[in-house]
Amino acid sequence: MVAASVSISTNDPTNAKILAVSEDRLQGFQRDPLGEIARQSGVELSAVIERIQAMLRAGTIRRVRQTLLATNLAQGALVAWQVPAEKLETAFDYMFQHDPFSGHVVIRTTDTVTAGSKYRLWTTVKVPQGFSMKKHCEFLCQQTGAEKFLLLPAKKLFALGVGHVRRRGLRPGSRAEVPAEVTDVSVVTLDETEWRVLVTLKREFAPEELVSDIWAARAGEAAVPLDDFLKVAENLNRRKIIGRFSTFLEHVKPVANGEAVTRYNALFHWAVPAGREIESGREVGRHHIMTHAYWREGGSEFHHVNVMGVAHGTDKAVLLAHKTAIDEHLQEAGIPVSYTNVFWGGRSEIKPSEISPFAYREWCKATGLDPG
């Protein structure tokens, strides 16, 4: 009866205060993440815990976890797949259900047909250090019937923060006063203790695990004293391996109360002059609507696109207005765009990608592959 009285709606004023912080405002490692959400939102800690637990149980929040900057831990890429139409849905299912190293899995379409339109299936793939991204994707082709794939690894990162609630009502063109910061992509090496801490650190939280001393149980799981666990986590944070503590909303499918946080998922493409990718990415990334912005090289099949980004919203026309505002801003900044397009997300699923080399070896054995 108590749980039933707690609102699970993202439109509830108290929940909106909490989510405006908890979605993407807790950058890095926090010793007391729930307490920090309470401090920034102005909501009592007990209510923060109760509300997040209720939304997680109801499916409004699909997961609560400490994210990592996995591009610094494993080889990662956005992958565009060319799949025969009759195999598209089964390929989607395989990537989502059977490949622990695929994260986002999305079927996309374009409003105007171009050479790149034949790439309907898009995924993010991360392969742990010491293993081959190309060979992994070749194996996925064999399993799914995909005819071709293109690896689009990030060269630089300009925006990463999926805060749907705080982005509601943004006017097209809303942007920061200064260009976005640039995050480099470089793989680091960890020792065994660091991997143990990291693996437990990133595991999703069950509702009952959301308590004030949230890391104590995880330290026990890693067989590391709590003080050492916290110090290792803070060191990983200084090495730019830790992302953010986040509550991830179910932002595509309607949840228990019928709400859908977003309806449209747009992947924007821009082709800018070689040598101006960082400048352009910083101008794109400063726009508040952008949840992701990267420098990725699309090659000839995507008209040499080199800046990509993602935005979400409930109204397609409004998202296109945001895109137009960014296009106009690039023009005003003196950055010519030779080609641009929008790939609209349809069916989609999201799960954390596995990044542990230990897990990759076990997966290889389970699928009959030689880890070597």
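Computed from a predicted structure; not experimentally measured. Numbers for residues simply follow the sequence, beginning at 1. Keep in mind that the numbers below use all heavy atoms, side chains included, and drop hydrogens, waters and symmetry copies.
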For Trp270 and Asn306, run side-chain hydrogen bond (donor to acceptor under 3.5 Å, both in side chains): C-alpha distance rounded to whole Å, both residues' side-chain angles, the deciding distance at 0.1 Å, then the answer. CA-CA 6 Å; Trp270 292 274; Asn306 44 17; over 6 Å; no
Step by step, work out the side chain to side chain contact (heavy atoms under 4.5 Å, CB included) result for Glu297 and Leu152. CA-CA 6 Å; Glu297 294 288 347; Leu152 308 170; over 6 Å; no
Stepwise salt bridge (Lys or Arg N to Asp or Glu O under 4.0 Å) test for Glu234 and Arg239: CA-CA 9 Å; Glu234 288 171 339; Arg239 293 164 68 186; over 6 Å; no
Would you sort out whether Lys118 and Glu301 count as a salt bridge (Lys or Arg N to Asp or Glu O under 4.0 Å), showing the intermediate values? CA-CA 10 Å; Lys118 60 191 175 186; Glu301 295 203 59; 3.5 Å; yes
Could you please spell out the steps behind the side-chain hydrogen bond (donor to acceptor under 3.5 Å, both in side chains) verdict for Ser117 and Thr110? CA-CA 6 Å; Ser117 300; Thr110 56; 2.8 Å; yes
CA sep, side-chain torsions, deciding dist, call: Met308, His292, side chain to side chain contact (heavy atoms under 4.5 Å, CB included): CA-CA 8 Å; Met308 301 185 186; His292 304 72; over 6 Å; no
Give the C-alpha distance, both sets of side-chain angles, the deciding distance and a yes or no for side chain to side chain contact (heavy atoms under 4.5 Å, CB included) between Arg63 and Thr247. CA-CA 6 Å; Arg63 63 176 59 92; Thr247 60; over 6 Å; no
Using salt bridge (Lys or Arg N to Asp or Glu O under 4.0 Å), reason through Arg39 and Asp32 one step at a time and then give a plain yes or no. CA-CA 11 Å; Arg39 187 188 69 78; Asp32 180 18; over 6 Å; no
Lys135/Glu138 under salt bridge (Lys or Arg N to Asp or Glu O under 4.0 Å): CA gap, chis, key distance, verdict: CA-CA 5 Å; Lys135 289 184 178 180; Glu138 287 171 349; over 6 Å; no
Show, in sequence, the C-alpha distance, side-chain angles and deciding distance for Ile241 and Leu190, and conclude whether the side chain to side chain contact (heavy atoms under 4.5 Å, CB included) test is met. CA-CA 10 Å; Ile241 293 169; Leu190 305 183; 3.7 Å; yes
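Residues Glu147 and Val83 form no side-chain contact, since every pair of their non-hydrogen atoms from C-beta on lies 4.5 Å or further apart. You'll find the side chain of Ser348 stays beyond 4.5 Å of the side chain of Ile107, heavy atoms only. Counting only heavy atoms from C-beta outward, the side chains of Leu319 and Val342 never approach each other to under 4.5 Å. Contact check for Val337 versus Asp327: no side-chain heavy atoms found under the 4.5 Å cut-off. Looking at Met55 and Leu19, their side chains come closer than 4.5 Å, going by heavy atoms from C-beta outward. Taking 4.5 Å as the limit, every side-chain heavy atom of Thr340 sits out of range of all side-chain heavy atoms of Phe268. With contacts defined as side-chain heavy-atom distances shorter than 4.5 Å, the pair Thr183/Lys156 does not qualify. For the pair Asp99/Val105, no side-chain contact is recorded, criterion being any heavy-atom separation below 4.5 Å from C-beta on.
Panel note: side chain Arg286, backbone Ala180; no donor-acceptor pair is recorded below 3.5 Å. In terms of modelled atom types and a separation under 3.5 Å, the side chain of Glu354 and the main chain of Ser356 share a donor-acceptor contact. In this structure, Glu89 contributes its side chain and Glu86 its backbone to no donor-acceptor pair below 3.5 Å. With hydrogens and angles disregarded, a donor-acceptor distance shorter than 3.5 Å links the side chain of Ser9 to the backbone of Asn11. Side chain of Glu277 to main chain of Gly275: a donor-acceptor pair is present (N/O by atom type, distance under 3.5 Å, no hydrogens or angles). A distance-only check finds no donor-acceptor pair linking the side chain of Gln75 to the backbone of Gln129 [under 3.5 Å]. No side-chain donor-acceptor contact under 3.5 Å links Glu208 to the backbone of Phe205. Although no hydrogens or angles enter the test, the distance criterion places no donor-acceptor pair under 3.5 Å between the side chain of Gln66 and the main chain of Leu198. Distance alone, capped at 3.5 Å, is enough to place a donor-acceptor pair between the Arg218 side chain and the Thr200 backbone. The main-chain N or O of Ser7 is never found under 3.5 Å from a side-chain atom of Asp12 such that the two would form a donor-acceptor pair.
Classified by interplanar angle (parallel below 30°, tilted 30° to 60°, perpendicular above 60°), the ring pair Phe245/Trp215 is perpendicular. Ring geometry, Phe149 versus Trp81: the interplanar angle falls from 30° to 60°, so the pair is classed tilted. By the 30° and 60° cut-offs, the orientation of the rings of Trp363 relative to His136 is tilted. Relative ring orientation between Phe302 and Tyr119 is described as tilted, the plane-to-plane angle lying within the 30° to 60° band.
A donor-acceptor pair shorter than 3.5 Å can be found between the side chains of Glu36 and Gln40. Asn265 and Trp344 form no side-chain donor-acceptor contact under 3.5 Å, judged by distance and modelled atom types alone.
When each of His287, His288, His322 is tested with Ser174 by the rule side chain to side chain donor-acceptor pair (under 3.5 Å), just one qualifies, namely His288.
No single ILVMFWY cluster, assembled from side-chain heavy atoms under 4.5 Å apart, contains both Val185 and Val307. Following chains of ILVMFWY side-chain contacts shorter than 4.5 Å, one cannot reach Ile278 starting from Tyr294, and the two form parts of different hydrophobic clusters. Cluster annotation: Trp195 is connected to Leu201 through the hydrophobic network of ILVMFWY side chains, with a link wherever side-chain heavy atoms come within less than 4.5 Å. Val106 and Met290 are members of different hydrophobic clusters when ILVMFWY side chains are connected at heavy-atom separations under 4.5 Å. The hydrophobic cluster containing Val125 also contains Phe92, counting ILVMFWY residues as joined when their side-chain heavy atoms lie under 4.5 angstrom apart, directly or transitively.
Atom CD of Glu44 is surrounded by 12 or fewer heavy atoms from other residues, nucleotides or ligands within 6.0 Å. Within a 6.0 Å sphere centred on NZ of Lys134, other residues, nucleotides and ligands contribute 12 heavy atoms or fewer.
Between Arg296 and Leu78, the closest heavy-atom pair is NH1-N, 3.4 Å. Between Arg263 and Thr314, the shortest heavy-atom distance links the atoms CD-O, 3.7 Å. Closest heavy-atom contact between Ile8 and Ala58: CD1-CB, 3.5 Å.
Lys323 has no carboxylate O lying under 4.0 Å from a charged side-chain N of Glu328, or vice versa, which leaves the two without a salt bridge. Between Arg244 and Glu23, no side-chain nitrogen of the basic residue sits less than 4.0 Å from a carboxylate oxygen of the acidic one, so the salt-bridge criterion is not met. Arg175 has no carboxylate O lying under 4.0 Å from a charged side-chain N of Glu283, or vice versa, which leaves the two without a salt bridge. Checked for salt-bridge contact, Glu204 and Arg65 miss the test: no charged N lies under 4.0 Å from a carboxylate O.
For Tyr360 and Phe101, the gap between ring centers is short of 6.0 Å. In this structure, the ring of Phe343 has its center less than 6.0 angstrom from the ring center of His269.
Atom OG of Ser353 sits about 4.0 Å away from atom NZ of Lys126, to the nearest 0.5 Å. If you take CG on Leu34 and OG on Ser212, they are separated by 8.0 Å, rounding to the nearest 0.5 Å.
Residues satisfying the side-chain contact (heavy atoms from CB on, under 4.5 Å) criterion with Asp370, sequence neighbours excluded, are absent altogether.
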